[in-house]
Amino acid sequence: MSIKSKLSIAISLMLFFVVILYHLLSEYSMVLGIKEMMSVTMKSSSIQAAQSIKTFEEEPLKSAEDRSIKPDTMFSVLHNINPRIKEITVFDQKTLAIRYGTYTYSDANNDKSFVQALKPGQFGSRNFSMDDKKYLRSYYSDEQKGSYVVSIVYDRVKLTTLVDRKREHTLMYTGAFLLIMVIIIYWLVGVMIRPLKDILWKVNEVSSVRFHKPIQIKGKDEFGLLALKINAMSQNLSIYMNKLRKAFEENRRMKEHLESFINHSNDAIHIMDLEGKVIQVNRAFEQLFGYDEVDVIGKHYPTIPTSHQMEKRQMIGLLLAGKKLPAQETVRLTRTGDIIPVSVTVSPIRDSDGSIRAFASICRDMRSRNRMEELLRRSEKLTTVGQLAAGVAHEIRNPLTTLRGFLQLQQQSHTLNQSHIKLMLSELDRINLIVGEFLILAKPQATKFVVKDIRNVLQDVLIFLDSEAHLHNIEFRTVITEEECNISCEENQLKQVFINLLKNAIEAMPGGGSVHISIHKKRDSIAISITDEGVGIPEDMISKIGDPFFTGKETGTGLGIMVSQRIINSHQGTLDIQSQVDVGTSVKLTLPAFNEQNELLLEA
């Protein structure tokens, strides 16, 4: 049932109850009015009858024929005036004798009680039945004499017929009024809820995701305001739906991209919850570790060896604490029990409020890369060996050529030339130097580290080279800390490094100058700086310094810096060279300060 019908029925029922109540009150009022009118009419008829009797009895000297109005004549007149009058009876109040009229409709017992109870001028009436017919009898006692009572009998059926006719007319009018009002109400309700139909139509359109056609607003009442708000809501919903469609499409594309990335990635990816249970894996994971997805879902760390599970829990703890972890090289366990080297990256997966909900672990198989690195190392070793061999052969061939030439010359002349012998010995010393440095580089002798103060080691070298520095007009300027600078080292090797670096500084300043030397102690390291004021090194040559037999000097072998780097690396230190042409070169050494941990590392 539509709201229009419901509302019409509700209003009609309310109107019906109001009309019925009004009808009942009207009928009650009508009945009272009719009764009042009948009472007035009956009393008036009784008074007229009593007046005629009074007039008749006040003319005693005239004969009955000569009197002006006779009671019977008046009774006939009253009967003609009111056809409902059936009989008029005049009782003597004391004796109940019939003084005038007839007494056909007799009810002696009741009449006696009424007649004798009347007071002068009092009027009364009562209902009675006779021969299954209903009548109404009135009683009136004259005000002046009070010796007789006028009683008139009325046909009550005719009186009730009048009442019934009026009731029928009232019901007919009421029914017609109700019918007309129901029609009017139904029409008015339709007019009133017509905007509501438009609103319901719009709501249906919105529920069907159709937002374009707005409601035509025809009024400024509550329905008009509601229609205006619904139009605004529809417009906002249309905007939001478009945004949601775009967001959904973007999310769908992003999901497809992520799924494609995960499933087609060559790295094994699996997602686990905060407890370490696997909740998703990709195809690469299945191929690398030999697990099917259904076999591994819900398991705790299925690919982590027992010896590395504590390491995994520590990583998870660090991620929960908000720290970022770099890729870590470790090992993992396959389904068949094989241990394979992998590079693992674990990242947290967060929800919209930033809380960690899961972890994504990416494992990269390192077996191929390790094999390639091993091959590369072997290739580099072979290349280095070839370079060293070629360099040594080239460096040794020159002095050997000189030796052969002088020996042939002396063989032909059969004499020993001292200058030739001196030159030959010099060339032999050069060969010995090249071979010695090569042996140090290729196969260092077993070293034994002891704790030394690097300040003392450097001072010994400065004293040793002080005379050579004076010959070249060079001054050593030192800035050395007063703190202890103990390191764990092989003293002779470090002295060789300092000699190489200081000789390079001296040779870089043929016209003399100053070599600035400083030693500073930092928290866990010792910093040593050797800076000259020489010709400097071109920028394109700095990157090649340390390569075998690369040198910028005419008499150099190119092995001094290489040997020095090897020695510094064996001491867990660093060597850095910075230079600027025509300004100078600065060599900075950093060596770890002595402590038990460093000592253990060096011994290892």
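Side chains are part of it too, since the values below use all heavy atoms of this structure and drop only hydrogens, waters and symmetry mates.
- For the residue pair S343 and M366, the shortest heavy atom distance occurs at N-CG, 3.3 Å.
- A salt bridge is defined here as a Lys NZ or Arg NE, NH1 or NH2 lying under 4.0 Å from an Asp or Glu carboxylate O, and E507 with K503 fails to meet this definition.
- Contact check on K246 versus E250 returns no salt bridge, with no Lys/Arg side-chain nitrogen under 4.0 Å from an Asp/Glu carboxylate oxygen.
- Ring orientation note: the planes of F285 and H270 are tilted relative to one another, at an angle of 30° to 60°.
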Stepwise, does the salt bridge (Lys or Arg N to Asp or Glu O under 4.0 Å) test hold for R357 with D273? CA-CA 7 Å; R357 298 300 181 189; D273 60 14; over 6 Å; no
Please lay out, stage by stage, how V346 and Q328 fare under the test side-chain contact (heavy atoms from CB on, under 4.5 Å). CA-CA 9 Å; V346 182; Q328 180 180 8; over 6 Å; no
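- One N or O on the side chain of N251 and one on the backbone of A247 form a donor-acceptor pair closer than 3.5 Å.
- Residues E475 and H470 fail the side-chain proximity criterion, which asks for heavy atoms closer than 4.5 Å.
- Checking side-chain atoms of K299 against main-chain N and O of D295 turns up a donor-acceptor pair under 3.5 Å.
- Between the side chain of T478 and the main chain of I480, no donor-acceptor pair closer than 3.5 Å is present.
- Taking the six-membered ring for Trp and the full ring otherwise, the centers of Y301 and H308 sit at least 6.0 Å from each other.
- In plain terms, the two heavy atoms of N242 and R245 that are nearest each other are OD1-NH1, 3.0 Å.
- Shortest non-hydrogen contact noted between I271 and A358 is CG2-CB, 4.1 Å.
- Considering CG of N236 and CE of M241, their distance stands at 13.5 Å, rounded to 0.5 Å.
- In this structure, the side chain of D292 does not engage the main chain of V294 through any donor-acceptor pair within 3.5 Å.
- Smallest separation of non-hydrogen atoms from F594 and V451: CE1-CG2, 3.4 Å.
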Verify side-chain contact (heavy atoms from CB on, under 4.5 Å) between V457 and F498, making sure each step is shown before the conclusion. CA-CA 9 Å; V457 176; F498 292 142; 4.0 Å; yes
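- More than 12 heavy-atom neighbours from other residues, nucleotides or ligands sit within 6.0 angstrom of NZ on K495.
- Of the possible donor and acceptor atoms, one in the side chain of R455 sits under 3.5 Å from a partner among the backbone N and O of E482.
- Looking at V331 and I340, their side chains never come closer than 4.5 Å, going by heavy atoms from C-beta outward.
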Give the intermediate values and the outcome of side-chain contact (heavy atoms from CB on, under 4.5 Å) for residues I517 and L502. CA-CA 10 Å; I517 304 166; L502 290 172; 3.9 Å; yes
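- A 6.0 Å sphere centred on NE2 of H300 holds more than 12 heavy atoms belonging to other residues, nucleotides or ligands.
- Note that the CG atom of D453 and the CD1 atom of I519 stand 8.0 Å from one another [nearest 0.5 Å].
- For the pair L320 and L274, the minimum side-chain heavy-atom distance is below 4.5 Å.
- To the nearest 0.5 Å, atoms CG (D576) and OG1 (T574) are separated by 7.0 Å.
- When every heavy atom of L575 is checked against every heavy atom of S564, the shortest pair comes out as CD1-CB, 4.4 Å.
- K521 places a side-chain N or O within donor-acceptor distance of the main-chain N or O of E484, the cut-off being under 3.5 Å.
- Within the model, atoms CG of L333 and OG1 of T306 stand 8.0 Å from one another, a figure rounded to the nearest 0.5 Å.
- Panel note: side chain T531, backbone S586; no donor-acceptor pair is recorded below 3.5 Å.
- Side-chain atoms of N282 come within 3.5 Å of backbone N or O of D267 as a donor-acceptor pair.
- The CD1 atom of I568 sits 10.0 Å away from the SG atom of C489 when rounded to the nearest 0.5 Å.
- Contact annotation: the side chain of H571 approaches that of L494 to within less than 4.5 Å [non-hydrogen atoms, C-beta and beyond].
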Candidate pair Q496 and N500, rule side-chain contact (heavy atoms from CB on, under 4.5 Å), full reasoning: CA-CA 6 Å; Q496 183 178 353; N500 288 339; 3.9 Å; yes
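- In this structure a side-chain-to-backbone donor-acceptor pair under 3.5 Å is present from D532 to T585.
- Not a single donor-acceptor pair under 3.5 Å links the side chain of D338 to the backbone N or O of T334.
- Looking at K312 and S361, their side chains come closer than 4.5 Å, going by heavy atoms from C-beta outward.
- Of all the heavy atoms in S570 and Q493, the pair that sits closest is OG-OE1, 4.1 Å.
- Taking the charged nitrogens against the carboxylate oxygens, R313 and E311 have no contact shorter than 4.0 Å, which rules out a salt bridge.
- At least one side-chain heavy atom of M509 sits under 4.5 Å from a side-chain heavy atom of I474.
- By the 4.5 Å heavy-atom criterion applied to side chains, F289 and V296 are not counted as neighbours.
- When side chains are defined from C-beta on, I356 does not count as touching I349, because their heavy atoms never get closer than 4.5 Å.
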Working for side-chain hydrogen bond (donor to acceptor under 3.5 Å, both in side chains), residues Q280 and E293: CA-CA 8 Å; Q280 185 180 353; E293 184 175 6; over 6 Å; no
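- Interatomic distance, CZ of R371 versus CG of L376, reported as 15.0 Å (0.5 Å rounding).
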